[in-house]
Each structure stands twice: as C-alpha cells, then as structure tokens.
Amino acid sequence: MKSAGALAPNHQDPYIRSRENPFFDGLLSKDIDETKTSKLVMDMSKNDIDHLPFDNSAFTKDFKYESIEHSPSEKWLQTSKIAPIIQLDIQSNEEENSHAPSILQHVEKIYTVTRRKEKLPNVLLPLSAASYYNGVSPEIQIVESCESIEKLNAYLKARKDDVNAGVPGKFLYAVMGSDDADVGTVASTIMYSFYLNITSKNDQICIVPIININSRSNLGSHVELKWLLDSCQIDQSSLIFDDEIDMSYYDLFGSLKILLLKSNKIANKQEKLKHAVVEIFHLRKGDIIYPWVKNVTTGEEGSCCTAIAEKFAAYSPKLLTCKSFSKLLLSGILLDTANLRDPRCTSKDKYMASLLINGAGRYGCNGLYQLLRYKMHDLSSMQVGDILRKDFKKWKGLENNTDLRPISQIGMSCIGISIGQLLSYTDNLAHEITCFQSVEFLTIYPSRIFLVLNVAEKLRILIIVSGYFSEEKNFKREVLVSTDSVKLLESLLFFFDFNASRLPLKILQIPGLKNEMKAYQIDKITSRKIVEHLIEEFVGIPKA
C-alpha cells in the first residue's frame, strides 16, 4: 500500500520568465504618463472595397501554389476582391487628463495593405503560423507607418538640400565607409549619421552620410540592398552617393571633416582626402590608423550595427520600436555575423539581435537572413550591366611600364552564372559588354556653385570570370576577354599562353562575339585570385 506522501502531487515552483540582462532594460521600461488606450477604427465595408478599381484576375491568373495542404484562406485570397492599397487609420485617444501633454491627445498610424509583387519559391523560409494560414509566399503584406522612419527620411532630405546649397557657413562632416557597399556598411552609414545628428550639440557642422557607391545607377546591382531600402521605406532620392558630391571642393577650402566607419583607411579613390579624416568608429583591434586621428572608437562587436543599435537603445529606446527602423539595423547585424554564427560574433551581437527582433517580421531572424541571402544571388531583375557591376574590380597600369603594353584601365567582373546563361539576359551580349566598357567610368559631380568637367575613362580590357555549378554538381569556371583592339587581345592571350600551367584555357564557341572578344573554359579548378595575380603581372603592378 502506498503512503500518503507518495500519493500527494509533486510540488513544482511556477516558472517565471524574465530577462535580467541590462541590454533589455531600455525597451522594458514603461512611462506611466504615456500609457494610451488604443482604439482600432477600420472602415472596410465590403461595398466600399468592391467599388475600388481593381482587377483581381491579373493576380489570380499567374499565382500558383506549390501545395494545397493549407487552409481554405488561400482560396479566399484568390477569389476575394481586395484593393491593391487600403489604408487603415488607427487612432489613439487619451482619456481627459489635464496633466497629459497635448501632443499625445491624438496619435494616428496608417497601415498600407498591398499585394506582394514578388514570389519567393526558392527561399527556404522557416515555418510560421502565418505561413499555415496564408501559404509560404502570401499575396498580402501590411506596412505600418513609422514615426522613426519619418524622422530619418526628414533628416536625409534636409542634408540633401544642404549639400545642393553648398553647405553654407558650416563644416561638411562626411560619414562614410570603405569601398565595400554591403548592407552592413550602408546601414551603419545612414543610422550612425542620424544618431550623431540628433545627439550632436555642435551647430557648426553638417553631418552628411555618403554612400560609397560609384553611382546611383549602380544601386541596381546590389539587389539585396535596394530591396532592404525599399522594404524599410527609406527615401532613396534623399541619399547622397559618391559621384553626387565633390568632397575635394570642400577640402580645398578647409571645410571638410571625414568620419570613417568600419575601416582604418579611406577608399583608394579618395586617397587624396585622407588628411581630412578626423574620427574613426568601430575600428578593429590592431589595425594601423592615421597618426593624426585622435578620436578612435574600437569595436569588439562582430557588426558595427550592433554598436549603433546599443547607442540608440541607451539614448531613445522608443526609436527601436519601429519595425522598419529595427529591420535596417538587424539586417546589417545578421549579414555581418553570418546569421550570428560567425566566430567573431559576440554575446552583444546576439543581445541586440534579440532587441531588434521586431524588425525581422513574420519569419524571424532566420527568415530575414535567408531572404537577404537569396536577394544577394538573385539576378532575375538585373540587366547585363548590373550583373557585371555587382562584383567588379579595376586596375590601372603604371605610367613607367617598360613592357610597352599600353594599358590604362583593366577591369574584372565576377559572375555566378555561365557565359551561356549571361547570353539569355540580352539579345546582343557583345553590344552590352562594349557599352559597359565605355560608360562605366563616367564621373559627374553635379553642383550649383561650381563646374567640374566630366571625365571618361574607358576600359581597354574587360575580363569576365564566371564560376558556377553544372547540373552534375561540378564546379566550372569560364572566362570571357574583351579588348578595344585585336592587337591588344593577341598580346593578352599570348601572356595567358605563357602562363598556361597556372591558367589552362580551352576555347568556347559563343555566337555573336566580336573579333576583339574571346571566351574560354578553364580546364582545372582555379581560384579567381590566380586570375587577379595574372592581371596585375600583365599591367606591370609589382607583387606585394
């Protein structure tokens, strides 16, 4: 017979979930005076929606589901008459309180409901409750108006107006990254400039973020970056790109100051401006810096966006509650740390990613990371010029070259598809390549107060290096060489033949190529670094 103690139920303390890490204190704190009662006011009667001019057949005709193992709501999405854009006004009204500020008496938010323009059948997104009801790639997406993003866009527009006016009476304080135009660098440039602007008490400087991309048109080659800026509602027309401002003009009059992000040295194309560098933010330990720079912030985090998000959390946690605002910072953290798996990823990176989880959306951090990675390799919406520009390097031959090779400019584009696949993106590949060589390096500095002549530097040699996996899962590499003359092509091919042990080539028959163009398949697995070293030897650049 069992004892009474054995029959008594097991006593277990209740589980209390808490976050004791100090990084969570900012977002967990609440201000009693700002407590608001929200009331949802939606006028979405069926009659109003039906009268909106919208043809649903264009979407239901092309929309096909991979699986039918979902709820009937998918059928409703195909048959319902939902307007392409519906705005929902959410009004928060304060109870009558004489102590509450008048600005809090009426707060309005707008939710825009749109049909998703793209399908993502090749992205391995994590499962979620929303995917069960709406399918893996739902037709509907909801975008919330965000006060933080509105402030950010207002700041960007104001700085663009200042630059167009010549920044009168102030120092130009340029915040910029290195040559890399990755998501983390661009997000850090925009967000840290905004942070400095709202915290700085110096009215003698004009803090301007400079996107270190050669041209605004080159943004199309960074699909993941453009997609992120669009989804975060960033006003791209207010961004300032490298070719849209002549910083040497401000340096000439001593009114230029530069803050470098994530780098100890300025970009090679801006080497003449290095003496204007006055501050470096998020420098790696051990990196050598310019001796005259005294204001240096060392970053132990894996991502610069982590350090910036920490500053926002300490200054104004309310800014991070905006989904789009958090998404921009979170995307930089995830890509910089390889989805928080990079060996350099710290606990602080993980803490800040947790604080910014609202920006990840319905699929969480893993889903946002997979979407960004998919966009990085998505070429479906790109032109040939954008594909060649996506991963591009340029070399300039030495003036005292004794090999009598008249090389002034030589470039290399790396693509992730075969040369044959590149043909499918255009009707005339040879013409597209020739145009890329001619107009890629046109430099224009628009300004209202001075005139700068346009400078065109034509590529005399363009080498397209292709690396891809065949249907048999074998890695293959191909090379297409384009020069501005047959004689120069013969000289380059002779140099490659002389180094055949390092770069064995087998000719490819590609229709439509000019006499100055040749395509080859590399007979062995070869790193593109080998091709780079051969290019440097050909133009006469000495080895490091």
Side-chain angles (χ1 to χ4, degrees), residues 19-28 148-149 152 175-178 180-199 209 211-212 224-225 228-229 231-232 234 259-264 279-287 295-361 364-373 376:
R19 291 174 171 172
E20 299 178 355
N21 193 280
F23 290 108
F24 294 99
D25 292 344
L27 295 182
L28 291 178
S148 302
I149 289 295
L152 175 59
V175 180
M176 55 195 299
S178 58
D180 299 330
D182 56 5
V183 168
T185 301
V186 174
S188 300
T189 301
I190 296 174
M191 295 305 229
Y192 194 56
S193 301
F194 180 58
Y195 172 79
L196 292 178
N197 182 75
I198 60 180
T199 58
I211 309 301
N212 221 347
E224 73 287 355
L225 179 57
L228 180 63
L229 294 176
S231 63
C232 293
I234 301 297
L259 184 150
L260 288 181
L261 285 174
K262 301 174 56 177
S263 178
N264 63 328
E279 183 178 353
I280 299 177
F281 182 77
H282 205 263
L283 181 73
R284 296 290 182 188
K285 285 186 176 181
D287 287 350
N295 194 354
V296 178
T297 304
T298 304
E300 299 179 356
E301 305 85 1
S303 173
C304 182
C305 290
T306 299
I308 298 173
E310 182 184 1
K311 289 182 176 294
F312 276 114
Y315 174 75
S316 177
K318 185 179 179 181
L319 291 173
L320 299 180
T321 59
C322 171
K323 182 176 180 179
S324 298
F325 199 89
S326 298
K327 184 177 183 179
L328 190 58
L329 288 169
L330 180 60
S331 300
I333 295 175
L334 294 178
L335 288 180
D336 287 344
T337 61
N339 202 16
L340 306 177
R341 294 193 180 105
D342 191 272
R344 294 179 298 179
C345 180
T346 64
S347 59
K348 189 180 292 186
D349 293 301
K350 298 177 181 179
Y351 288 140
M352 297 314 301
S354 299
L355 283 178
L356 302 172
I357 190 66
N358 179 48
C365 289
N366 289 333
L368 177 59
Y369 178 75
Q370 293 299 332
L371 283 172
L372 291 168
R373 292 290 299 175
M376 290 177 66

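Any value given below was found using the heavy atoms of this structure, including those in side chains, with hydrogens, waters and symmetry copies removed.
Looking at Asp336 and Thr306, their side chains never come closer than 4.5 Å, going by heavy atoms from C-beta outward. A 4.5 Å side-chain heavy-atom check between Thr185 and Asn212 finds every atom pair outside the cut-off. Two residues are said to be in side-chain contact when any heavy atoms from C-beta on lie closer than 4.5 Å; Ile308 and Phe281 meet this criterion. Residues Asn295 and Ile280 are not in side-chain contact: their nearest non-hydrogen atoms beyond the backbone lie 4.5 Å or more apart. You'll find the side chain of Tyr192 reaches within 4.5 Å of the side chain of Lys311, heavy atoms only. Side-chain contact between Leu335 and Tyr369: present, with at least one pair of heavy atoms (C-beta onward) separated by less than 4.5 Å. Side-chain contact between Ile190 and Ile211: present, with at least one pair of heavy atoms (C-beta onward) separated by less than 4.5 Å. Inter-residue side-chain proximity for Leu320 and Leu329 is flagged as met; some heavy-atom pair is nearer than 4.5 Å.
Pairing each heavy atom of Leu340 with each of Asp349, the nearest pair is CD2-O, 4.1 Å. Considering every non-hydrogen atom in both Thr346 and Glu301, the closest pair reads OG1-CA, 3.9 Å. Considering every non-hydrogen atom in both Met352 and Ala313, the closest pair reads CE-CB, 4.4 Å. Heavy-atom minimum distance, Ser331 versus Leu368: OG-CD2, 3.7 Å. Listed here is the closest heavy atom pair of Gly299 and Arg284: O-NH1, 4.2 Å. Minimum heavy-atom separation, Cys365 to Leu334: O-CD1, 3.6 Å.
Listed by chain and number, the residues in a disulfide (SG to SG under 2.5 Å) with Cys322 are Cys146 (sequence neighbours excluded).
Rounding to the nearest 0.5 angstrom, the gap separating the CG atom in Leu319 from the OG atom in Ser148 is 4.5 Å. Here CG of Asp287 is found 4.5 Å from CG of Asn264. Values are rounded to the nearest 0.5 Å. Taken from OG in Ser316 to CD1 in Ile198, the straight-line distance is 6.5 Å, to the nearest 0.5 Å. Between the CG atom of Leu283 and the CD atom of Glu300 there is a distance of 12.0 Å, given to the nearest 0.5 Å. Of the inter-residue distances, the one linking Asp182 atom CG with Glu224 atom CD reads 8.5 Å to the nearest 0.5 angstrom. Here the NE2-OG distance, from His282 to Ser263, works out to 12.5 Å after rounding to the nearest 0.5 Å.
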Steps toward side-chain contact (heavy atoms from CB on, under 4.5 Å) verdict (Met176, Leu260): CA-CA 5 Å; Met176 55 195 299; Leu260 288 181; 4.3 Å; yes

Test side-chain contact (heavy atoms from CB on, under 4.5 Å) applied to Asn358 and Thr321, step by step: CA-CA 7 Å; Asn358 179 48; Thr321 59; 5.8 Å; no

Worked check of side chain to side chain donor-acceptor pair (under 3.5 Å) between Ser188 and Lys262: CA-CA 9 Å; Ser188 300; Lys262 301 174 56 177; 5.2 Å; no

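Using a distance-only test at 3.5 Å, with no hydrogens or angles considered, a donor-acceptor pair links the side chain of Asp342 to the main chain of Arg344. Of the possible donor and acceptor atoms, one in the side chain of Ser231 sits under 3.5 Å from a partner among the backbone N and O of Leu228.
Using cut-offs of 30° and 60° on the angle between ring planes, the pair Phe325 and Phe194 is perpendicular.
If you run side-chain contact (heavy atoms from CB on, under 4.5 Å) between Leu328 and each of Val186, Ile234, Val183, only Ile234 comes through.
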